[in-house]
Amino acid sequence: MKQIIKTELLNICNTLKETEFKNLNTDAISFEINYGTSFGDYSSNICFSISKQINIPPKVVAEKIINLFSQKQYFSEVFEKNNFLNFNINRNFLNKYILSFPKNKISYPKTNKKIQVEFVSANPTGPLTIANARGAFYGNALANILKFTGNDVTKEYYVNDKGNQIFHLGVTLLKILNIDPQVEYSEDNLYKGDHLTELAKEVKDAALKYEKKLKDIPDLDKNTKRTLVEITIGRLAANINLEKIKKALNNQCNIHFDNYFCESFLWSTDTFSFLLKQKLIYEKDKALFLKTTLFNDDKDRVVMRSDNTHTYFFTDIVYHLNKFGANIKTLSDSFPNSYKKFVNRKFDKVIDIFGADHYSEANQLKTMMEYFKSKQVIDLHSNLDILLMQFLTLQGGEKMSKRKGNFNTLEDFVNTASLDAANFFILERSIDKHLIFDMNLAKEQSEKNPVFYTQYAYARICSILKKNFFKFNIYKNLDILQEPEEIKLMKLIIKLPDLIEEVSNNYQIHLLTSYLIELSKTFHAFYTNHNILKSNFKLKQARLNLIKSVKTAFEICFNLINIKPKQKM
């Protein structure tokens, strides 16, 4: 419906340009549709936009548009209220839509747009924690919605399998096995937690080989020893952890990534060379800095430390150049043949889901991608969206840290709350708001729990349809449906395609959970006030056709946010 309105209004504007308002700029007019209850089924602020341009009252603009409006088969009324243009859906069109909805459901044209959604990407130094849950469920739902609306979507997990955290993981495990790593390290950087004891057993053979190598070649320099700890112990442990992470995501969370991209795949030399030629890198205190202050940063950023290790910021730059198919080398020569799909990827849009504590780095990463666009290293139309997500905590819970060993695993969280409750509660709140997860409410079997409330509405519909043993597509005149709850259910269904498209553009997934609650609330009221199966024959037939469409709307929404539709409760 939204697209029909936008097209019609744009045609009217073009007509006005040719007749009365020759200088009208249609590019500047907003065609966003506002959903309202006290106005029409749809409303638009177009009258304000035109009024500002041509300096006549919005009410006069509305009158001119209404006189030219031609889409009467879709809308029964177009009217002005409070300077907004309002649209009420034609009842005949609404009836036809509801009857066809269970069969046709919702479809969107293929966009041919390649979109990558990167989410979770937690360091493989231990199990995933509750802190990772929000990004996991939000990223998965967003990818589902983008794919549903016609995009070619890739879900990717970035694996930090090299660098300081992997080195410190290796040292931690050697210490647990009472093997002297013979390298410099800080006790404060070592990891803690019961899971490390089992992990140490799994890398014991590699650790013993490391110990033997130190005895066989006693004059190894400290950098070589550090590299050996990182590669032979730390990376092995990280790979073991990664397999456990995959298993938790697949089995406990029903989240399946298309790609796991390892940091060790990246080749940084050519990126360094390019930035050096651009005179954007300089040395200070034996470290290399990138001149990000040229791009309104508050300080220049370190890209290589004094120990010759890269910073997260620099590897993020190289990784994103790979995402956008940069015309400089981004992959190492040791890149495995089985992962050739990472060459020349050229995503049109990349969506990163970061924690809110990455605000500064996110801004600079976006700035650097704009710089590479300007130098034609990546395509001018490449688009990077970085979504910053506030933290999730359990009600009364303490702050979690893998390094300190005080964390609740994602698996335990999902098993305690249930997968459906974890999904719904997390998606119910905008990601720019802090989320305190109420575990007691998540486990409650009552209408206070929004997951139970929505699933119970769906189960009620399934029960009603199951009791109806004969076909109910004989009587298809829905004009007989006149109760407020019936009309509201019909209008909620017809607005669902617009809502999903809106969410695919603004990433506000909580609008979808709000829709589910409103749909459930309206259906429960309908069920309470009107006995469907005891209605007269024609009314019963019409109502059964209506709730069949409501059932389809529930299934579409549940599928998008990874909630299981329950036929029995």
Side-chain angles (χ1 to χ4, degrees), residues 1 35-37 41 89 91 94-106 420-421 423-425 427-428 444-468 472-473 475-476 478-500 503 509-536 538-569:
M1 297 304 297
Y35 300 91
T37 53
D41 297 322
I89 300 170
R91 183 58 193 270
L94 184 60
N95 290 347
K96 290 177 183 177
Y97 186 88
I98 297 303
L99 288 170
S100 66
F101 188 69
K103 181 180 178 181
N104 298 331
K105 295 191 178 180
I106 301 174
D420 291 338
N423 260 297
F424 202 102
F425 278 48
L427 299 178
E428 193 179 12
E444 188 169 322
Q445 300 289 298
S446 77
E447 63 180 24
K448 294 179 182 178
N449 181 341
V451 188
F452 179 88
Y453 190 64
T454 55
Q455 288 180 322
Y456 190 43
Y458 179 82
R460 271 182 163 173
I461 293 173
C462 292
S463 176
I464 294 168
L465 295 177
K466 188 176 181 180
K467 289 176 183 177
N468 184 67
F472 49 84
N473 60 355
Y475 187 75
K476 294 189 176 181
L478 300 190
D479 282 334
I480 197 171
L481 301 177
Q482 294 295 330
E483 298 293 343
E485 300 95 337
E486 293 168 337
I487 304 301
K488 188 172 181 180
L489 282 172
M490 295 171 79
K491 290 184 176 180
L492 280 170
I493 292 168
I494 203 170
K495 288 182 179 180
L496 181 56
D498 290 334
L499 176 63
I500 295 172
V503 172
I509 299 177
H510 63 279
L511 297 177
L512 203 55
T513 54
S514 297
Y515 173 89
L516 270 171
I517 292 171
E518 187 64 26
L519 187 65
S520 303
K521 180 181 176 182
T522 307
F523 174 77
H524 284 305
F526 171 56
Y527 178 88
T528 301
N529 296 331
H530 310 287
N531 192 319
I532 299 170
L533 297 181
K534 289 186 179 181
S535 305
N536 66 60
K538 290 184 177 180
L539 183 56
K540 177 182 176 180
Q541 294 284 298
R543 285 175 169 171
L544 288 170
N545 274 294
L546 171 59
I547 67 169
K548 187 178 180 183
S549 291
V550 175
K551 177 175 178 283
T552 301
F554 270 114
E555 288 167 350
I556 290 169
C557 294
F558 283 151
N559 185 57
L560 290 175
I561 62 174
N562 204 16
I563 299 251
K564 183 179 180 180
K566 292 187 176 180
Q567 296 190 6
K568 292 182 180 180
M569 293 283 284

Heavy atoms only: give me the nearest Thr552-Lys105 pair and the separation to one decimal. CG2-CG, 3.7 Å
Hey, does the side chain of Tyr515 reach the backbone of Leu492 with a donor-acceptor pair shorter than 3.5 angstrom? yes
What distance do Leu496 atom CG and Leu512 atom CG have between them, rounded to the nearest 0.5 Å? 7.0 Å
Report the distance from atom CD1 of Ile106 to atom CG of Leu499, rounding to the nearest 0.5 Å. 9.0 Å
Set out, in order, the CA-CA distance, both residues' side-chain angles and the distance that settles side-chain contact (heavy atoms from CB on, under 4.5 Å) for Gln455 and Lys566, then state yes or no. CA-CA 6 Å; Gln455 288 180 322; Lys566 292 187 176 180; 3.9 Å; yes
side-chain contact (heavy atoms from CB on, under 4.5 Å) evaluation trace for Lys534 with Lys540: CA-CA 7 Å; Lys534 289 186 179 181; Lys540 177 182 176 180; over 6 Å; no
Would you please name every residue forming a salt bridge (charged side-chain N to carboxylate O under 4.0 Å, His left out) with Glu555, sequence neighbours left out? Lys551
Mind checking whether Tyr97 and Ile89 have side chains closer than 4.5 Å, heavy atoms only? no
Phe558 atom CZ, neighbour heavy-atom count above 12 within 6.0 Å: yes
Quick test of your reading of the model: are Asp41 and Lys491 salt-bridged, counting only N-O distances below 4.0 Å? yes
Donor-acceptor contact present, side-chain Thr454 to main-chain Leu516, <3.5 Å: no
Heavy atoms of Phe101 and Ala553 approach each other most closely as CE2-N, 3.7 Å
Run the salt bridge (charged side-chain N to carboxylate O under 4.0 Å, His left out) test against Glu518 and tell me which residues pass, sequence neighbours left out. Lys488
Measure the spacing between OG1 of Thr513 and CG of Leu427 and express it to the nearest 0.5 Å. 6.5 Å
List in chain and number order the residues that pass salt bridge (charged side-chain N to carboxylate O under 4.0 Å, His left out) with Glu486, two or more places apart in sequence or in another chain; answer none if no residue qualifies. Arg543
Do Phe526 and Ile532 come close enough that some side-chain heavy atom pair is under 4.5 Å? yes
Show your reasoning for whether side-chain contact (heavy atoms from CB on, under 4.5 Å) applies to Ser549 and Leu489. CA-CA 9 Å; Ser549 291; Leu489 282 172; over 6 Å; no
pair Val451-Tyr456: side-chain heavy atoms closer than 4.5 Å: no
State the CD1-CG distance between Ile98 and Leu481, to the nearest 0.5 angstrom. 9.5 Å
Does any non-hydrogen side-chain atom of Pro450 lie less than 4.5 Å from one of Glu428? yes
Thr528 side chain to His524 backbone, donor-acceptor under 3.5 Å: yes
Tell me if a side-chain donor or acceptor on Asn423 pairs with a main-chain N or O of Ile563 at a distance below 3.5 Å. no
Show, in sequence, the C-alpha distance, side-chain angles and deciding distance for Lys448 and Tyr453, and conclude whether the side-chain contact (heavy atoms from CB on, under 4.5 Å) test is met. CA-CA 7 Å; Lys448 294 179 182 178; Tyr453 190 64; over 6 Å; no
What are the two closest heavy atoms between Met490 and Leu94, and how far apart are they? O-CD1, 3.7 Å
Could you check Met569, Lys568, Gln567 and say which one makes a side chain to side chain contact (heavy atoms under 4.5 Å, CB included) with Cys462? Gln567
Once you round to the nearest 0.5 Å, how far does OG1 of Thr522 lie from CD1 of Ile517? 11.5 Å
Shortest non-hydrogen contact from Lys548 to Leu465? CA-CD1, 4.3 Å
Answer yes or no: is there a side-chain heavy-atom contact under 4.5 Å between Ile487 and Arg91? yes
Consider only side-chain N and O atoms of Glu483 and Asn529, and report whether a donor and an acceptor are under 3.5 Å apart. no
What heavy-atom pair brings Ile547 and Ile461 nearest, and what distance separates the two atoms? O-CG2, 3.5 Å
Closest approach of Glu447 and Phe452, non-hydrogen atoms and distance? N-CD2, 4.0 Å
Treating Asp420 as the side-chain partner and Lys564 as the backbone partner, does any N or O pair qualify as donor plus acceptor under 3.5 Å? yes
Nearest 0.5 angstrom please: Tyr458 OH to Phe523 CZ, how far? 12.0 Å
